[in-house]
Amino acid sequence: MVSKSLLAAAAVVAPVLAAVPTLKVPACPSIATATYDKSVPDLSPFPTTEVDLCYDDTAISVTFRALNETNFYFNETQGTNDAIWEYEVMEAFISHGVNDPQTYLEFEVNPNNVTFQAFIHNPSKVRAAGAAFDTAFWQTPLADGLTAETTLDKAASTWTSAVRIPLGLFNVDAGQAKGTAWRMNFFRTIVSPETYPDQGLGAWSPPNKASFHMTPFFGRVFFI
């Protein structure tokens, strides 16, 4: 007879097998685009969102584009590394390598060009209940070379953020990005003053539950 405690432990460590998207990313100025329009986790229609990617000698260039935006909702009192995910953000989760990561960069930007950046340690890979989960904040992003420039076009129902993320964060030396493999996922949150705090969630590779911290669902990205 198997005890309930052993069954619970098995549930925590059981692998999640997910079919994930793949993207081949060229050197800048060429780009590859990840496009998504499905919600998390039910895959219902979601406002179209695009993420343009390329790389150069020292950084990954990520351009987020939120289409069909109606709210542009953020908390103007929030600053760097505050809980901007409670409102509207676009996000990239990034890990260098091919495995489902335990540790990865979480980057977020809101329509006010406020950013959140931290390395997440998620050894269960699915943010399992009772498992370790830790956040190491990146405190001086501008000094370290991370930049974000956000533009709102309310007439076109669009907001765009152009971001540069240094390759050195992932121990990729200058000029050595070509041929590297990555795991990434991209997310967007939708909320309005009327619906807050209830959010709509969208993803490039939608997890099977309403959590972004499900690394087996990260897509596979190759720098070519």
Side-chain angles (χ1 to χ4, degrees), residues 7-25 32-51 53 60 62 64 66 81 83-110 115-138 161 163 165 169-170 180-191 197-222:
L7 288 173
V12 168
V13 300
V16 176
L17 301 178
V20 300
T22 298
L23 190 68
K24 294 181 179 179
V25 173
T33 302
T35 302
Y36 58 93
D37 58 4
K38 302 296 183 185
S39 68
V40 176
D42 59 5
L43 305 181
S44 61
F46 185 84
T48 301
T49 311
E50 299 171 341
V51 186
L53 293 168
I60 305 170
V62 184
F64 299 98
N81 290 338
I84 61 173
W85 65 83
E86 295 178 346
Y87 297 86
E88 292 199 312
V89 294
M90 288 185 282
E91 308 185 14
F93 286 24
I94 301 174
S95 175
H96 180 209
V98 299
N99 294 335
D100 299 342
Q102 299 182 49
T103 301
Y104 46 91
L105 175 70
E106 177 179 352
F107 175 82
E108 306 177 8
V109 62
N110 76 5
T115 63
F116 172 100
Q117 43 279 307
F119 277 97
I120 306 299
H121 183 52
N122 177 14
S124 75
K125 303 183 181 183
V126 294
R127 200 172 188 176
F133 186 88
D134 204 359
T135 304
F137 291 102
W138 189 8
S161 290
V163 177
I165 299 174
L169 283 178
F170 308 97
T180 54
W182 304 75
R183 299 296 300 276
M184 300 187 189
N185 212 347
F186 307 108
F187 305 100
R188 178 180 172 188
T189 63
I190 301 269
V191 67
D198 295 328
Q199 294 176 304
L201 310 176
W204 178 48
S205 181
N208 61 2
K209 62 176 65 176
S211 171
F212 292 168
H213 294 275
M214 304 279 290
T215 74
F217 290 89
F218 286 16
R220 299 187 182 276
V221 177
F222 302 94

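Only a predicted model underlies this, so the values are computations on that prediction, with no experimental measurement involved. All values below were derived from every heavy atom in this structure, side-chain atoms included, with hydrogens, water molecules and symmetry-related copies excluded. Residues take their numbers from the sequence shown, with the count starting at 1.
Between Phe64 and Val109, the closest side-chain pair of non-hydrogen atoms falls below 4.5 Å. Phe93 has its side chain within reach of His213: a pair of non-hydrogen atoms, C-beta onward, lies under 4.5 Å apart. Contact check for Leu43 versus Pro206: side-chain heavy atoms found under the 4.5 Å cut-off. Contact of the Val62 side chain with the Val51 side chain is registered, since non-hydrogen atoms from C-beta on lie closer than 4.5 Å. You'll find the side chain of Ile94 stays beyond 4.5 Å of the side chain of Phe107, heavy atoms only. Under the 4.5 Å side-chain criterion, counting only non-hydrogen atoms from C-beta, Trp182 is not in contact with Phe218. The closest side-chain heavy-atom distance from Asp134 to Phe119 is not below 4.5 Å.
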Exercise. Would Val40 and Phe46 count as a side chain to side chain contact (heavy atoms under 4.5 Å, CB included) if you check the C-alpha gap in whole Å, the side-chain angles of each, and the deciding distance to 0.1 Å?
Worked result: CA-CA 9 Å; Val40 176; Phe46 185 84; over 6 Å; no

Exercise. Taking it one step at a time, do Met214 and Arg127 satisfy side chain to side chain contact (heavy atoms under 4.5 Å, CB included)?
Worked result: CA-CA 7 Å; Met214 304 279 290; Arg127 200 172 188 176; 5.9 Å; no

For this session: Verify side-chain hydrogen bond (donor to acceptor under 3.5 Å, both in side chains) between Glu88 and Asn110, making sure each step is shown before the conclusion.
Result: CA-CA 6 Å; Glu88 292 199 312; Asn110 76 5; over 6 Å; no

For this session: Would you please test Phe116 and Phe137 for side chain to side chain contact (heavy atoms under 4.5 Å, CB included) and show each step?
Result: CA-CA 8 Å; Phe116 172 100; Phe137 291 102; 3.4 Å; yes

Exercise. When you look at Thr33 and Leu53, which way does the side chain to side chain contact (heavy atoms under 4.5 Å, CB included) test go after all the steps?
Worked result: CA-CA 6 Å; Thr33 302; Leu53 293 168; over 6 Å; no

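Panel note: side chain Thr103, backbone Asn122; no donor-acceptor pair is recorded below 3.5 Å. Asn185 places a side-chain N or O within 3.5 Å of a backbone atom of Ser205 that can act as its donor or acceptor partner. Using a distance-only test at 3.5 Å, with no hydrogens or angles considered, a donor-acceptor pair links the side chain of Asp42 to the main chain of Ser44. Within the 3.5 Å criterion, the main-chain N or O of Phe187 finds a donor-acceptor partner in the side chain of Tyr36. At least one donor-acceptor pair under 3.5 Å links the side chain of Thr189 to the backbone N or O of Val89. Judged by distance alone, with hydrogens and angles left aside, the side-chain atoms of Lys38 form no donor-acceptor pair with the main-chain N or O of Pro45 at under 3.5 Å.
Between the OG1 atom in Thr49 and the CZ atom in Phe186 there is a gap of 12.0 Å [rounded to 0.5 Å]. Between atom OG of residue Ser39 and atom CD of residue Gln199 there is a gap of 13.0 Å, rounded to the nearest 0.5 Å. Atoms CD and CD1, on Gln102 and Ile120 in that order, are 13.5 Å from each other to the nearest 0.5 Å. Here CD1 of Ile190 is found 9.5 Å from CG of Leu201. Values are rounded to the nearest 0.5 Å. Atom-to-atom distance recorded for Arg188:CZ and Glu91:CD is 12.0 Å, nearest 0.5 angstrom. Remark: Arg220 CZ to Arg183 CZ distance equals 4.0 Å, nearest 0.5 Å.
Listed here is the closest heavy atom pair of Ala131 and Ser124: CB-CB, 3.8 Å. In terms of heavy atoms, Ile84 sits closest to Thr115 at CD1-C, 4.0 Å. Looking at every heavy atom in both residues, Ser95 comes nearest to Tyr104 through CB-CB, 4.0 Å. For the residue pair Pro101 and Thr215, the shortest heavy atom distance occurs at O-OG1, 2.9 Å. Across every non-hydrogen atom of Val191 and Pro197, the tightest pair is CG2-C, 4.5 Å.
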